[in-house]
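By convention in this document, chain letters (A, B, ...) are assigned in the order of the sequence lines, proteins followed by strands, and residues within each chain are numbered from 1.
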Amino acid sequence: MICDICHKNKATIIYTEVINGEKTQRCFCDVCAAKMNREGQGKMNKSDVPMGSILSGILSSYMERYIESRTPNEHEEAVCPTCGMTFSSFMKERLLGCPDCYGTFSMVIERQLKAVQPGTSHVGKIPSNAHVFDPDKPGDFAAKPKKGPSSKGIGTKGSAKKRSSSVELLKLQLQDAVEKEDYMLAAKLRDKIKELENEKKDNKVVHGKK
Amino acid sequence: MKKKITKWYMERNDHDDVIVSSRVRLARNLTGYNFGRMLSDADAQKLVDKVRTFRKEIEGRENKPYYSCDVNKLTPAEKEVLLESHAISPDLYSKEQATGLILSEDESVSIMINGRDHIRIAAITVGGNMKKIATLANRVDDMIDSRFEYAYGEKYGYLTSSLADVGTGLKASYLLFLPAITISGKLAAIETEIARFGLMLKGVYGDGVKSPGYLHRVCNRKTIGLSESDIFESLELVVGQITDLEKKLRREWYERNRAEVEDKVFRSYGVLKYARTLELKDAMTLLAQIELGRFLGIIEPADLSFDIHRLMLEIQPAMLLCTNPGVDRELSIDSIRAAYIRKKLPKIITEKED
């Protein structure tokens, strides 16, 4: 068996993952495993490899690559289909190009918002096709919504949207967990994300058949 | 021909010793157009033309004259006047693309088109009557809303080009006159304190302690995750406390350094009354000191309608040239300013002698 990373050395560590009955196996040589741990964890003795830290090493490097592949690359190439705003110019100027950018760059927006703002969900006034104008209380910003606002602007509708946003949320929590090196939580969250994503796929298939 | 128009800042009824003015701004964008950064020139023009048609409607519904213009077609001097009187934002001032403005006759309501956002509604008033202008801005917002479709998302609320405005799109601010807090060095502490309430402090004509005229703006930093009324509430609460502290410190300062304070006030009056050239910064500081003297009862202007803050607005460079069209252009702006202040500064009727 050859190492998955360097594709040269003989694999001495075999890492098996079982998620929802789905088994995945990864093989590493001890050089690569130690390197992974150095990067992820700092100190690591090659000859003495405690299972906890190798796991965390694997998880963190997995997460690093996962985040890398999710954030810079995917978004760097990501261009808003509506206005043509690119991820890199959004990051540079901190200005969005159109309402649809909120969907295109949602992953980063959530993180950016956390840095600038306390909450990340709107709780205030809702525009007309969603609210009743009360002539007695023209100054009342808290006009009661008549019906839910139309889903113009961003995202998809209804429960599908809710699900995708909860996946996004979980991903952010996962990121946090990895940053805090809470790998137990990270693993749990990752499983949950996979579960939700599979569910989504299944739904799509069902819809597709109809 | 020229009709005398009372601008919002000439209103004396709501005068407050600490709160100079209150302002509400709503950032809104329309569906079907890219935000400012990605908006094509053709779309910008279309947007401006489209929104400018709203002038007639608001004029009819508010029953007050409203003006409208293409801001990018104004001369730099005209734009500067609008900027100095807070009718347009720096964004709108410096943009070369098509930009528009709908302005009420008293300049208390301004609708800026294609600045940082497609539409920015601003309402401003003298003193601390935030409720009045919040109601006004909300009414204008509803009117525009019934005409055009706003870009809105369930999660993020009103979608704006900057994440600093998303959600409510609301920036509410009080312009505060804080000489005692500034002089006593408590400004930085207040800045940290109010940050906990999601508010921030900004110098108006400069930053931090250096803001001439001791004018500082307190506004909300957070725009999402809070309702409009929450924002107004925390702002009002904090500004109430700042106001009380400022007044307390003014009196304490006077009690401790009577001679020094009185000397400062009268010296300021003297310089303003007789100086032949006055730089803007100096003039602002001197005016602030006589306002402080008025508050402490050291001096009382003979003309009770005299308003320092209005004068502070009028001595800004572009405003000065605009309100004195016949002035000798050979003169430096500083001497024009000095002459204007000499003319406007009222006599003092009360001089307290102890």
Side-chain angles (χ1 to χ4, degrees), chain A residues 80 82-86 89-90 93-103 105-106 108-135 137-143 148-155 157-158 161-162 165 168, chain B residues 24 26 28-40 116-117 131-170 198 221-232:
Chain A
C80 177
T82 314
C83 69
M85 175 63 102
T86 61
S89 76
F90 161 57
E93 293 166 46
R94 301 291 154 103
L95 288 176
L96 293 140
C98 73
D100 292 336
C101 283
Y102 279 90
F105 306 123
S106 64
V108 193
I109 284 173
E110 193 77 20
R111 254 194 295 167
Q112 295 257 315
L113 269 183
K114 268 192 188 158
V116 227
Q117 304 262 17
T120 57
S121 293
H122 177 58
V123 292
K125 190 182 174 182
I126 300 165
S128 71
N129 37 5
H131 91 198
V132 190
F133 178 67
D134 184 356
K137 275 188 185 170
D140 185 11
F141 269 106
S150 69
S151 60
K152 63 191 172 189
I154 56 159
K157 283 184 228 168
K161 184 190 164 172
K162 250 178 220 152
S165 70
E168 298 291 293
Chain B
V24 166
L26 298 169
R28 298 288 187 255
N29 287 277
L30 303 185
T31 53
Y33 291 90
N34 289 343
F35 293 153
R37 167 71 177 68
M38 299 303 277
L39 192 66
S40 69
R116 182 167 279 200
D117 292 291
K131 230 172 221 136
K132 182 177 99 182
I133 50 162
T135 308
L136 181 59
N138 193 37
R139 193 165 66 223
V140 175
D141 182 41
D142 286 337
M143 277 185 230
I144 298 177
D145 188 8
S146 64
R147 267 286 296 278
F148 309 107
E149 196 184 359
Y150 281 148
Y152 178 86
E154 204 174 335
K155 177 164 167 53
Y156 296 123
Y158 290 96
L159 304 176
T160 54
S161 71
S162 163
L163 292 181
D165 300 308
V166 73
T168 54
L170 168 72
R221 193 173 60 83
K222 303 171 178 180
T223 56
I224 191 167
L226 290 161
S227 70
E228 286 85 352
S229 43
D230 288 343
I231 293 172
F232 286 124

Could you walk me through whether A:Lys125 and B:Asn138 pass side-chain contact (heavy atoms from CB on, under 4.5 Å), step by step? CA-CA 10 Å; A:Lys125 190 182 174 182; B:Asn138 193 37; 2.6 Å; yes

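- For chain A, the option among B:Leu39, B:Ile231, B:Val166 with the highest count of heavy-atom pairs below 4.5 Å is B:Val166.
- At least one side-chain heavy atom of B:Arg37 sits less than 4.5 Å from a side-chain heavy atom of A:Ser89.
- Here the shortest heavy-atom pairing between B:Gly225 and A:Val123 reads C-CG2, 3.6 Å.
- For the set B:Gly167, B:Ser161, B:Ser227, the entry with the most heavy-atom pairs within less than 4.5 Å of chain A is B:Ser161.
- Taken to the nearest 0.5 Å, the SG atom of A:Cys98 stands 14.5 Å off from the OH atom of B:Tyr33.
- Residues A:His122 and B:Tyr152 are in side-chain contact: their nearest non-hydrogen atoms beyond the backbone lie under 4.5 Å apart.
- A side-chain contact (heavy atoms from CB on, under 4.5 Å) with A:Leu96 is found for exactly one of B:Leu163, B:Asn29, B:Leu159, namely B:Leu163.
- Looking only at heavy-atom pairs under 4.5 Å with chain A, the residue among B:Ala164, B:Gly198, B:Gly157 that has the most is B:Gly157.
- Counting heavy atoms from C-beta outward, A:Ile126 and B:Tyr150 have side chains that stay 4.5 Å or more apart.
- Between B:Tyr156 and A:Tyr102, the ring planes are tilted. Angles from 30° to 60° get that label.
- For B:Ser40, no part lies under 4.5 angstrom from a heavy atom of chain A.
- At a 4.5 Å heavy-atom cutoff, the contact between B:Asp165 and chain A is made by backbone atoms alone.
- Distance check, rounded to the nearest 0.5 Å: OG1 of A:Thr82 to CE of B:Met38 gives 10.5 Å.
- Once rounded to the nearest 0.5 Å, the distance linking NZ of B:Lys155 with CD1 of A:Ile109 reads 10.5 Å.
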